[in-house]
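Single-structure report; data block below.
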There are 2 protein chains.
Amino acid sequence: MTEKTNPSPAAIKAWARLMRVSRQLVERAEDALKDSSLPPLAWYDVLHELAEAGEGGLRPFQLIERTLFAQYNISRLLARLEADGLVEKLRVADDGRGQTIRITGKGRETRRRMWAVYGRSIAELVGAKLSNDDLDTLSALLGRLRHPAMPE
Amino acid sequence: MTEKTNPSPAAIKAWARLMRVSRQLVERAEDALKDSSLPPLAWYDVLHELAEAGEGGLRPFQLIERTLFAQYNISRLLARLEADGLVEKLRVADDGRGQTIRITGKGRETRRRMWAVYGRSIAELVGAKLSNDDLDTLSALLGRLRHPAMPE
DNA sequence: TCTATATAGATGCAATTGCATTGATATCGG
DNA sequence: CCGATATCAATGCAATTGCATCTATATAGA
């Protein structure tokens with residue numbers, strides 16, 4: 001009987017901090033983007049993955065794996081990105097069900113402008129608050145909370 | 001010129017981990033509640049604050065301060081909680097604009113049943129992954145990322 | 001007191017999310 | 001090759017969120 005069902009005070013506190021801080025940081029980063037009339041973070045996440053993927057693009061299900069967004073969410077987010085001309089959908093030869101999503105020049109440009117704001121938020125909200133050593137410690141601790149199947 | 005506008009690699013990594021891990025943990029906790037046919041985490045947050053507040057209850061704006069939910073969000077969440085009989089709204093004597101929200105017996109019971117599931121999630125997702133020392137370290141690091149005006 | 005401004009909370013409407021399901025192709029077992 | 005099952009992606013519909021605004025009361029200042 002090793003299964004713990006009641007969390008320790010230390011676990012509860014760490015959980016509460018994690019919930020609060022992450023929510024607040026997201027909110028502040030979103031606000032910064034809005035203040036610059038830029039799209040929300042979710043768009044950045046997708047554009048970032050697609051930019052890294054290069055000309056080969058990515059299949060929607062690969063984006064789902066990388067971003068943790070729900071399937072229907074990616075489906076509609078891609079529709080919006082396509083409507084804005086930030087990505088293009090390409091039929092893929094070897095799988096009639098699927099498609100490949102590729103970032104466009106305009107998409108790269110939008111991502112670049114978002115990063116100018118988003119990166120500054122990260123620098124201010126995290127980089128300016130902890131030393132690099134502490135940041136590494138934090139990354140390591142968070143890494144141990146990942147689900148086994150989680151990427152990166 | 002001390003203002004950093006570009007985040008260090010360590011800051012980017014910590015940010016990315018924080019975003020990913022927190023999203024994933026929330027999702028897993030929400031799933032656990034759903035699997036038990038219980039309301040979402042947001043309800044727990046509010047019921048928890050109200051339970052701690054006791055019979056005196058809390059004003060909606062106090063809930064906003066404590067939970068970080070948006071004003072319109074609290075307004076409608078409270079309407080749902082009231083419709084379910086989990087809280088009651090009381091006119092407050094000294095401020096005609098406001099009201100006081102008090103948790104009901106049914107609300108306390110619902111909170112209790114939610115905690116049975118939520119607490120187990122915390123134990124499994126966090127408590128079982130890190131030692132108490134590491135949890136304390138994590139809490140301390142996250143604490144330094146809080147916005148100055150953030151409660152707790 | 002009277003007007004201007006601030007605060008508490010609700011709400012109309014548009015956008016997004018969540019859920020369940022569907023349509024379409026792929027793959028597997030016999 | 002054929003039917004059963006699995007995978008990829010889209011979508012109808014309900015619920016929630018976000019934004020802007022609105023109503024009502026409180027407070028501050030002339």
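Chain letters run A, B, ... following the sequence lines, proteins first and then strands; every chain starts at 1.
Smallest separation of non-hydrogen atoms from A/Pro40 and A/Met114: O-CE, 3.3 Å. Considering every non-hydrogen atom in both A/Thr67 and A/Glu49, the closest pair reads CG2-CG, 4.0 Å.
Both the sub-6.0 Å distance and the 45° axial angle are satisfied by B/Arg23 relative to the ring of A/Phe69.
With hydrogens and angles disregarded, a donor-acceptor distance shorter than 3.5 Å links the side chain of A/Thr104 to the backbone of A/Leu86. Between the A/Arg102 side chain and the A/Lys89 main chain, no donor and acceptor come within less than 3.5 Å of each other. In this structure, the side chain of B/Ser22 engages the main chain of B/Met19 through a donor-acceptor pair within 3.5 Å. Using modelled atom types, no side-chain atom of B/Arg108 and backbone atom of B/Gly105 make a donor-acceptor pair closer than 3.5 Å.
Note: NZ (B/Lys89) to C1' (C/dG9) measures 9 Å, nearest angstrom. Across the protein-nucleic acid pair, B/Leu33 atom CG and C/dC19 atom P stand 12 Å apart, rounded to whole Å. Going from atom CZ of A/Arg59 over to atom C1' of C/dA26 covers 11 Å, rounded to whole Å.
Mapping A/Lys34 and A/Pro60 onto DNA chain D via the closest heavy atom, the residue that lands nearer the 5' end is A/Pro60. Position along DNA chain C of the nearest nucleotide to A/Pro40 versus B/Phe61 favours B/Phe61 as the more 5'-ward residue. Judged by closest nucleotide on DNA chain D, B/Ala42 is the one of B/Gly96 and B/Ala42 placed further toward the 5' end.
Distance check: B/Arg80 CZ to B/Ser75 OG gives 9.5 Å after rounding to the nearest 0.5 Å. Atom CG of residue A/Leu145 and atom CG of residue B/Leu135 lie 8.0 Å apart, to the nearest 0.5 angstrom.
Contacts between residues 71-86 of chain B and DNA chain C, counted as heavy-atom distances below 4.0 Å, involve B/Gln71, B/Tyr72, B/Ser75, B/Arg76.
On the nucleic acid side, DNA chain D contacts chain A at distances under 4.0 Å to non-hydrogen atoms, with the end points of that region at D/dT7 to D/dC19.
Criterion: ILVMFWY side-chain heavy atoms under 4.5 Å apart, direct or through other members. Under it, A/Phe61 and A/Leu81 are not part of a common hydrophobic cluster.
End-to-end axis angle of the helix from C/dT1-D/dA30 to C/dG30-D/dC1, using five pairs per end and rounding to 10°, comes to 30°.
The pair B/Arg112-B/Glu109 counts as a salt bridge, with a side-chain nitrogen and a carboxylate oxygen less than 4.0 angstrom apart.
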